[in-house]
Amino acid sequence: MLSSTEDAEETADVVSKTKKSSVSTRPMASKTPVGFIGLGNMGSPMAKNLLKNGYPVIATDVFPESCKELQDLGAQVVDTPAEVAEKADRIITMLPSSPNVIDVYIGPNGILKKVKKGTLLIDSSTIDPEVSKEIAAVAEKMGAVFMDAPVSGGVGAASMAKLTFMVGGVEEEYKAAQELLTCMGVNAVYCGQVGTGQAAKICNNMLLAIGMIGTAETMNLGIRLGLDPKLLAKILNMSSGRCWSSDTYNPVPGVMEGVPSTNNYQGGFGTTLMAKDLGLAQNTATNTKTPIPLGSLAHQIYRAMCSRGYANKDFSSIFQFLREEEGQ
């Protein structure tokens, strides 16, 4: 996006240095700051991976304490999204919900108050596709390019740069977005116009929720029938019942290492966020007159969990929720 003589000279200088060391294989990008807004469970490791790849990061978060670790690693921290937009012409956002995204982009201190023409805006939040389309339209009027690029893979994949990005937006800008996304993930799939990335993510998460509930029910039933949970998981994972929730993110404590169920369901993907995503699926299904009986039931279950003290636990705590239901 930047093509001045000064930038060309900087690039030539960095290319020369790169021949002498392997610090960065992306010399031009290493001299171009990337803005990052939203440093929660997912955003923080994503921003760290940009730093690891040689990108100067300019970051902010509504909770200043969330910025400290990234700042210690060399990121520049500012107070508002508008300030990020003043300093960077490529900005990534990772936020909890549609209202948060609206505020960060078009609020009083939002990105679009100070955005520069030609800026590439990549939103990795999971939100209503219609909100993505509305923000893209406003950004276009400001001379900026907005793309939705929600992710799949969870906190573990974010930490290891193994996320999958589902990208919607102007196809001609996809390569520019891909350059950044591949520093944070292993897959970046172009889905079509703005909003299609969100559509793909909503469909994925609805299936994830249904699969996790099914896995939790199955594991609970097997345990009640006297099966060892590790043995049952092993059998499922070599049989036709195998799924991501059984072989990568098992909801039963002690079956797998390094997953939230082994850590009292802390970290990971919160039940509140899953309920939110299922609400998006329900809304889009209603708008398109699409029957989603299991998706609707999953939404009800996760909403019930939120009201019963599971809101801040990982969504795999559905197993614990079912166990508590047995005693009632």
Side-chain angles (χ1 to χ4, degrees), residues 42 95-102 123-136 148-154 157 163-168 187 189-221 236 240-251 260 265 268-308 310-311 313-322 325:
M42 294 293 291
L95 303 158
S97 65
S98 296
N100 299 117
V101 172
I102 291 169
D123 180 39
S124 289
S125 318
T126 299
I127 61 172
D128 189 324
E130 293 304 313
V131 173
S132 292
K133 293 176 186 177
E134 291 168 10
I135 293 175
D148 57 306
V151 305
S152 177
L163 293 168
T164 290
F165 292 86
M166 293 150 270
V167 187
N187 300 304
V189 183
Y190 181 69
C191 299
Q193 64 185 355
V194 171
T196 55
Q198 297 294 351
K201 175 62 188 294
I202 289 169
C203 290
N204 178 79
N205 274 24
M206 183 175 74
L207 180 57
L208 174 61
I210 293 168
M212 181 57 78
I213 293 170
T215 300
E217 289 183 354
T218 297
M219 294 296 295
N220 189 37
L221 177 61
L236 293 175
S240 55
R242 179 186 179 192
C243 65
W244 188 84
S245 296
S246 69
D247 74 357
T248 304
Y249 211 82
N250 200 284
Y265 301 101
F269 186 62
T271 296
T272 297
L273 292 176
M274 179 56 85
K276 180 264 295 182
D277 288 358
L278 288 167
L280 294 174
Q282 184 67 70
N283 290 341
T284 54
T286 299
N287 293 338
T288 57
K289 298 181 180 179
T290 305
I292 53 165
L294 291 181
S296 296
L297 181 57
H299 185 210
Q300 292 177 37
I301 291 171
Y302 276 102
R303 287 179 65 191
M305 288 176 66
C306 288
S307 67
R308 297 271 290 276
Y310 290 84
K313 291 193 174 187
D314 181 77
F315 81 108
S316 62
S317 62
I318 176 63
F319 176 78
Q320 190 179 54
F321 176 75
L322 292 174
E325 289 292 290

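Remember, it's a predicted structure, so these values are computed and weren't measured experimentally.
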**Request:** Could you point out which residue of L280, T284, N283 forms a side chain to side chain contact (heavy atoms under 4.5 Å, CB included) with P129?
**Result:** T284

**Asked** Taking only residues two or more places apart in sequence, or in another chain, which ones meet T286 in a side-chain hydrogen bond (donor to acceptor under 3.5 Å, both in side chains)?
**Response** none

**Prompt:** What distance do S245 atom OG and F315 atom CZ have between them, rounded to the nearest 0.5 Å?
**Reply:** 5.0 Å

**Evaluation steps, side-chain hydrogen bond (donor to acceptor under 3.5 Å, both in side chains), between S97 and K276** = CA-CA 8 Å; S97 65; K276 180 264 295 182; over 6 Å; no

**Message:** Is the shortest side-chain heavy-atom distance between N100 and S125 below 4.5 Å?
**Reply:** no

**Request:** Evaluate the ring planes of W244 and Y249, with Trp represented by its six-membered ring, and classify them as parallel (under 30°), tilted (30 to 60°) or perpendicular (over 60°).
**Result:** parallel

**Message:** Nearest 0.5 Å, please: how far is CD1 in I301 from CG in L294?
**Reply:** 9.5 Å

**Residues in side-chain hydrogen bond (donor to acceptor under 3.5 Å, both in side chains) contact with N220, at least two apart in sequence or another chain** = R323, E326

**Message:** Once rounded to the nearest 0.5 Å, what's the spacing between atom CD1 of I135 and atom CD1 of I127?
**Reply:** 5.0 Å

**Asked** So, for G295 and L278, which heavy atoms are closest and what is the spacing to 0.1 Å?
**Response** O-CD2, 4.2 Å

**Asked** In Å, rounded to the nearest 0.5 Å, how long is the span from CD1 of I318 to NZ of K313?
**Response** 12.5 Å

**Prompt:** Could you give the distance from CD (Q320) to CZ (R308), rounded to the nearest 0.5 Å?
**Reply:** 11.5 Å

**Prompt:** Which heavy atom in Q198 sits nearest to a heavy atom in S132, and how many Å separate them?
**Reply:** CG-OG, 3.4 Å

**Prompt:** Between P260 and G268, what is the shortest heavy-atom contact and its length?
**Reply:** CG-CA, 4.1 Å

**Message:** For S246 versus G241, what's the shortest heavy-atom pair and its separation?
**Reply:** OG-O, 4.3 Å

For residues 203-217, which side-chain N or O atoms pair as donor and acceptor with protein atoms under 3.5 Å away, sequence neighbours left out?
residue	atom	partner	partner atom	Å
N205	ND2	D277	OD2	2.7
T215	OG1	G211	O	2.8

**Prompt:** Would you call the rings of F321 and Y310 parallel, tilted or perpendicular if under 30° counts as parallel and over 60° as perpendicular?
**Reply:** perpendicular

**Message:** Are the side chains of K201 and D148 in contact, using a 4.5 Å heavy-atom criterion?
**Reply:** no

**Prompt:** Within a strict 4.5 Å, meaning less than it, do heavy atoms of the D314 and F269 side chains meet?
**Reply:** yes

**Asked** More than 12 non-hydrogen atoms from neighbouring residues, nucleotides or ligands closer than 6.0 Å to CD on Q193, yes or no?
**Response** no

**Message:** Using every non-hydrogen atom in the two residues, find where T272 and C306 come nearest and quote the distance to one decimal.
**Reply:** CA-SG, 3.8 Å

**Fill in**
CG (D123) and CG (L95) are apart, to the nearest 0.5 Å, by 6.5 Å

**Prompt:** How close do G197 and C191 get, heavy atom to heavy atom, and via which atoms?
**Reply:** N-CB, 4.1 Å

**Request:** With side chain to side chain contact (heavy atoms under 4.5 Å, CB included) as the test, would you mind laying out the steps for E130 and N287 before giving the verdict?
**Result:** CA-CA 11 Å; E130 293 304 313; N287 293 338; 5.9 Å; no

